[in-house]
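These notes are about the structure you will find just below.
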There are 2 protein chains.
Amino acid sequence: MDERAPPLDRETSAALRPADHKTELRLWLRLLTCATLIESGIRKRLRETFDVTLPRFDLMAQLDKTTGGLTLGELSQRMMVSNGNVTSIVEALVGQGLVDRRPSPQDRRAQVVSLTAEGRRFFRQMAAAHEVWIAETFAGLTPGESEQLMALLGKAKLSARSTFGEGSRP
Amino acid sequence: MDERAPPLDRETSAALRPADHKTELRLWLRLLTCATLIESGIRKRLRETFDVTLPRFDLMAQLDKTTGGLTLGELSQRMMVSNGNVTSIVEALVGQGLVDRRPSPQDRRAQVVSLTAEGRRFFRQMAAAHEVWIAETFAGLTPGESEQLMALLGKAKLSARSTFGEGSRP
DNA sequence: CAAAATTATTTTAGGCCTAAAATAAATCAG
DNA sequence: CTGATTTATTTTAGGCCTAAAATAATTTTG
């Protein structure tokens with residue numbers, strides 16, 4: 001009996017070899033590069049123009065979207081950062097007088113955070129500039145392309161969520 | 001003479017009002033959410049499976065792509081992080097015996113960093129798992145969609161680079 | 001009701017990250 | 001060649017971030 005294995009055809013050997021996923025890898029790197037590039041740019045402009053950090057801006061943005069404030073836990077979930085992290089950012093913003101923090105009337109464990117009048121004024125000013133910067137960032141895409149990108153990222157988000165589980169932010 | 005201004009038609013009033021860029025804003029938030037979601041997932045798996053941090057994995061990935069190593073400056077540029085940051089990550093990896101650092105023969109200011117044999121072995125093992133995780137992450141997209149997303153992110157990258165200036169990584 | 005489990009937050013230890021200042025070596029200009 | 005500039009890295013000060021442990025209040029369960 002012939003002991004040698006028969007030669008494998010192309011399909012079979014490809015199926016046995018661990019599939020390579022270079023395409024997905026490149027896609028991930030490109031997505032990450034885009035995000036990092038924009039994030040650094042925005043961070044720099046916020047610092048230079050308003051002397052504010054990006055996490056503080058983000059936190060204020062969450063508060064500006066609501067009426068009546070948010071608890072630390074809600075902030076943590078929406079910002080997709082850890083609980084303890086929110087504690088310290090809020091601490092800093094309270095120190096700057098931009099944010100208010102008081103115990104929840106319903107739940108004595110919880111703290112409700114909201115923008116002060118000054119905080120809201122300041123945030124709105126920053127938000128206006130921020131909006132223009134972001135528009136500039138994507139100016140190289142036609143409206144149709146932006147729409148497509150939005151849709152594809154929506155699919156990617158669902159796909160990623162299903163592999164890594166819920167990571168908050170609706 | 002009639003003192004009242006004539007009523008503005010829809011086009012004109014839209015042109016006078018500062019344009020709103022809610023679409024681009026939503027696009028940016030979605031891009032950021034995707035990146036954060038995937039990054040957190042990968043970070044967690046790297047920690048649980050290999051007890052390694054993402055920045056260390058990234059640094060080793062850069063080294064694995066080259067022969068002959070990279071200087072700290074090259075690493076900093078390719079990883080899109082600050083110089084001082086690279087110094088400390090390399091420091092940690094040298095301590096773990098995964099990476100080698102020695103003065104450049106050409107330039108006495110520069111240090112050349114490369115993977116040790118153990119580092120390369122370990123990285124290759126991680127890279128195999130990482131590749132599968134990323135493939136899983138994008139499994140919800142058809143090949144055609146991945147290709148489209150890749151192209152659109154390419155345009156977005158160019159556009160962002162042109163507004164924020166070069167942020168390295170080709 | 002009281003013990004157990006859950007939930008909201010804070011604390012702790014440690015790593016990542018940046019900007020800006022400080023070193024030190026290489027290159028340039030006269 | 002020498003002073004001035006540029007380049008590669010390190011150091012410093014401070015902020016962000018996480019995981020895990022600790023508190024404290026609420027809810028669930030037996």
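In what follows, chains carry the letters A, B, and so on, assigned in the order in which the sequence lines appear, proteins first and then strands, with residues in each chain numbered from 1. Since the model is a prediction, treat every value here as computed from it, not as a measurement.
Distance from the side chain of A:R47 is smallest to C:dA20 among C:dA20, C:dC16, D:dA8. For B:N83, counting side-chain heavy atoms from C-beta on, the closest listed nucleotide (D:dT9, C:dC17, C:dT10) is D:dT9. With C:dT18, C:dT9, D:dT18 as the choices, the nucleotide that has an atom nearest any side-chain atom of A:Q111 turns out to be C:dT9. The B:L72 side chain lies nearest to D:dT10 when the options are C:dT18, D:dA25, D:dT10. Comparing C:dC17, C:dA25, C:dA8 by their nearest atom to the side chain of A:A110 picks out C:dA8. Nearest to the side chain of A:R56, among C:dA26, D:dA25, D:dC16, sits D:dC16. Residue A:T87 places its side chain closer to C:dT9 than to any other of D:dT9, C:dA26, C:dT9. Taking the side chain of B:T71 as heavy atoms from C-beta on, and the options D:dT9, D:dC17, C:dC17, the nearest nucleotide is D:dT9.
Across all strands shown, B:G73 has heavy atoms under 4.0 Å from sugar-phosphate atoms exclusively, and none from any base. Residue B:I89 is classed as a sugar-phosphate contact, given heavy-atom separations below 4.0 Å to backbone atoms only.
Taking atom CG of A:L93 as the reference point, atom P of D:dG15 lies 12 Å away to the nearest angstrom. Summarising the geometry, the separation between CZ on A:R108 and P on D:dT27 is reported as 11 Å, rounded to the nearest angstrom. Distance, B:D107 CG to D:dT10 P: 12 Å, rounded to whole Å. Taking atom CD on B:Q96 and atom C1' on C:dG15, their separation rounds to 12 Å, with Å as the unit. Atom pair A:N85:CG and D:dG14:C1' shows a separation of 15 Å (rounding to whole Å applied). Distance, A:L46 CG to C:dC17 P: 19 Å, rounded to whole Å. The interatomic distance linking B:E39 (CD) with D:dC16 (P) rounds to 17 Å, in whole Å. Between B:L75 atom CG and C:dC16 atom C1' the separation is 16 Å, expressed in whole Å.
Residue whose closest nucleotide on DNA chain D sits further toward the 5' end, between B:K44 and B:V86: B:V86. Nearest-nucleotide assignment on DNA chain C puts the 5′-proximal partner with A:G84, out of B:S82 and A:G84.
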Chi angles and distances behind the side-chain contact (heavy atoms from CB on, under 4.5 Å) call for A:R30, A:R26: CA-CA 6 Å; A:R30 185 165 290 185; A:R26 283 207 313 279; over 6 Å; no

Between A:L27 and B:L153, is the side-chain contact (heavy atoms from CB on, under 4.5 Å) condition met? List the steps. CA-CA 9 Å; A:L27 183 51; B:L153 288 173; 4.0 Å; yes

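A heavy-atom distance below 4.5 Å is found between the side chains of A:E39 and B:W28.
Between D:dC16 and A:T53, a contact under 4.0 Å exists linking OP1 or OP2 to a side-chain N or O.
Between A:D107 and A:R109 a salt bridge is recorded (basic side-chain N to carboxylate O distance below 4.0 Å).
Base pairing in DNA chain D yields stems of at least 3 consecutive Watson-Crick or G-U pairs, both distances under 3.5 Å, namely C:1-30 with D:1-30.
Under the side-chain contact (heavy atoms from CB on, under 4.5 Å) rule, B:V90 has a single partner from B:N85, B:L75, B:L63, which is B:L75. Test A:L70, A:I89, A:V99 against A:V113 for side-chain contact (heavy atoms from CB on, under 4.5 Å) and you get one pass: A:V99.
Atom CD of B:E147 has 12 or fewer heavy atoms from other residues, nucleotides or ligands within 6.0 Å.
In this model, no side-chain donor or acceptor of B:R109 finds a partner on the base of D:dT9 within 3.5 Å.
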